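Only one structure is covered here, and it is reproduced in the block below.
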Amino acid sequence: MNILLLGSGGREHAIACKLAQSRRCTQLFIAPGNAGTAMVGTNVNLNPEDFAEVGAFVLSNHVQMLVVGPEAPLVAGIADYFAQTPALRDVMVVGPSRQGAMLEGSKDYAKAFMTRHKIPTARYQTFTADTLSEAEAFLDSLQAPYVLKADGLAAGKGVLIEDDLATAKAHLREMLGGKFGAASASVVIEEYLSGIELSVFVLTDGQHYLLLPSAKDYKRIGEGDTGLNTGGMGSVSPVPFADKAFMKKVEDRIVKPTVRGLRDEKIDYRGFIFVGLMNCGGDPYVIEYNVRMGDPETESVFPRLKSDVVELFEHTAQGTLDECSLSVDSRTAACVMMVAGGYPESYKKGKEISLGTDIEDVQVFHCGTKNADGRLLTNGGRVICTTALAPTLPEALLKSYNRAADINWEGKYNRRDIGQDLLKLMIGQ
Ligand code: AMP
Ligand code: GLY
């Protein structure tokens, strides 16, 4: 069949590689894609948020499956647009309806969903400008650090964690005053959870689910988890502390009630659920839901999938995921992200990249790259990443870093400590 994948990052390059491997895939289109996706399929210059444009392309190119990488088109209702447009109704869409996507699109909606379904999460309340004094009183009742979250999508910048009460109150007033526009017209204030974070990925057809491998990402720009937040500077899969006993708790307390909740509330959800979790002394708590795969978690999770991803997606779209099982490579994947100098603040694009030489069992995924006049150029903050598969985490890290050292452009930066926290945990430090 012909498949259209929406998005342009490393996540999409990693998904595209798996789609292209499938015998079920005839032609793969990626919109808008990057220089990496152009090596495994055909890039098309479409705006994923212009549904009419996407729909017209799907019809004229006999696309039978639409896979949505990023959250924005989902939150804007692309799955509903396809379901409600007669000519597009039979296209299989991998990605939830607008209502399902509210699990990511509104923190308040997600927290209320978790409360209804008794899913463990931090205690919270939601406030608007009209309830500022109640919000301040709620902050007074909590212990530092204080966690403030813009209700809506704020390009990953909408969460503030502050140690000082007066500063937290000042941030609260700024947020309710429009710091993140409409996204912070409502603000969720919640208890701080201390522990170690991990991401769990679920593929669901709204009735049944498959648990994909877990992963850990590294969000801060600086080594030792310091400095500004980024989209993600690397990832590791599986997460060593997410052992059988912990994952059973995750499944029983979080995944099953989430899927049951979607089903009971009749929410059309056919796609990924990315559960951001905190491991608090051995017990999992949900920090957030995302309605897509993570980036760069996909770059370490997808290379480990041995099942035919197109078949999994067909069953997802058709509601028959109970007929599938998942086959996963038992090796560890380690992904190292390389970024443009200055990222996540201002940085330059258009630097020529030298790709170096391929190594066995190491994949290179493009994130922000483009081809111009036969040259490969940087075209974003996160530029390119390497993922190595190896029997152990230290070996995977060594291979991934060796490959990354061979990729160069002016201003390239990467963290050198991806996975080190996990290695320390493993040796009990
Ligand atoms: P979110 O966008 O909800 O994932 O939040 C961004 C980051 O803030 C998370 O990845 C956590 O590191 C941190 N965070 C969010 N909520 C909490 C919380 N209740 N306690 C501790 N850290 C949190
Ligand atoms: N790596 C975190 C995310 O994709 O949201």
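Values below: all heavy atoms of this structure, side chains included; hydrogens, waters and symmetry mates excluded. Fair warning: this is a prediction, and the values are worked out from it, not measured in the lab. Each ligand, and each atom within it, is numbered from 1 in the order the structure gives.
Scanning all protein heavy atoms for the shortest distance to atom 9 (C) of ligand 1 gives Glu197 OE1, 3.6 Å. Regarding atom 5 (O) of ligand 1, its nearest protein heavy-atom neighbour is Val159 CG2, 3.4 Å. Protein heavy atom closest to atom 1 (P) of ligand 1, with residue, atom name and distance, is Glu288 OE1, 3.4 Å.
Below 4.0 Å from some heavy atom of Glu190 lie the following atoms of ligand 1, by number and element: 16 (N), 17 (C), 18 (C), 19 (N). Of all the atoms in ligand 2, the ones that sit under 4.0 Å from a non-hydrogen atom of Gly294 are 4 (O). Residue contact check: Lys149 has heavy atoms under 4.0 Å from atoms 3 (O), 15 (C), 16 (N) of ligand 1. Taking every non-hydrogen atom of Glu297 and a distance limit under 4.0 Å, the qualifying atoms of ligand 2 come out as 1 (N), 2 (C), 4 (O). Residue-ligand proximity, Phe274 to ligand 2, at heavy-atom distances under 4.0 Å covers atoms 3 (C), 4 (O), 5 (O).
Distance alone, capped at 3.5 Å, is enough to place a donor-acceptor pair between the Ser237 side chain and the Ser214 backbone.
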Item to check | Audit row: Asn414, Tyr401, side-chain hydrogen bond (donor to acceptor under 3.5 Å, both in side chains) steps and yes/no | outcome: CA-CA 10 Å; Asn414 60 264; Tyr401 272 110; 4.8 Å; no

Checklist entry - Ser22 and Asp308: side-chain hydrogen bond (donor to acceptor under 3.5 Å, both in side chains), yes or no, with the steps? => result CA-CA 6 Å; Ser22 171; Asp308 184 314; 2.8 Å; yes

Checklist entry - Checking side-chain hydrogen bond (donor to acceptor under 3.5 Å, both in side chains) for the pair Asp151/Ser106: CA distance, chi angles, key distance, verdict? => result CA-CA 5 Å; Asp151 175 51; Ser106 164; 2.7 Å; yes

Checklist entry - Could you go step by step and tell me if Thr37 and Asn43 meet the side-chain hydrogen bond (donor to acceptor under 3.5 Å, both in side chains) rule? => result CA-CA 7 Å; Thr37 62; Asn43 285 352; 2.7 Å; yes

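The presence of a protein heavy atom under 4.0 Å from atom 11 (C) of ligand 1 is confirmed.
Heavy atoms of Arg292 approach ligand 2 to within less than 4.0 angstrom. Contact between Gly232 and ligand 2 is absent, with no heavy atom of the residue lying under 4.0 Å from the ligand.
The aromatic rings of Phe51 and Tyr81 sit tilted relative to each other, their planes meeting at an angle between 30° and 60°. Aromatic ring orientation, His117 versus Phe113: tilted (interplanar angle from 30° to 60°). Ring pair Phe29/Phe57 is perpendicular by interplanar angle, where above 60° counts as perpendicular and below 30° as parallel.
A salt bridge links Asp140 with Lys169; the closest basic N to acidic carboxylate O contact falls under 4.0 Å. Salt bridge annotation for Lys149-Glu288: absent, with no cationic side-chain nitrogen under 4.0 angstrom from a carboxylate oxygen.
Inclusion of Tyr192 in the set of residues having an N or O under 3.5 Å from an N or O of ligand 1 is not warranted. Residue Gly231 has at least one nitrogen or oxygen atom sitting less than 3.5 Å from a nitrogen or oxygen atom of ligand 2, judged on distance alone. Close N/O approach between Asp217 and ligand 2 is found [any backbone or side-chain N/O within under 3.5 Å].
Exactly one residue among Tyr209, Phe313, Tyr289 makes a ring-ring contact (aromatic ring centres under 6.0 Å, His included) with Phe272. That residue is Phe313.
When non-hydrogen atoms are compared, ligand 1 lies under 4.0 Å from neither the backbone nor the side chain of Asn229.
Residue nearest to atom 23 (C) of ligand 1, selected from Asn290, Ile161, Val188: Ile161 (by heavy-atom distance). Of the options Leu193, Asp225, Asp217, the smallest heavy-atom separation from atom 21 (C) of ligand 1 is shown by Leu193.
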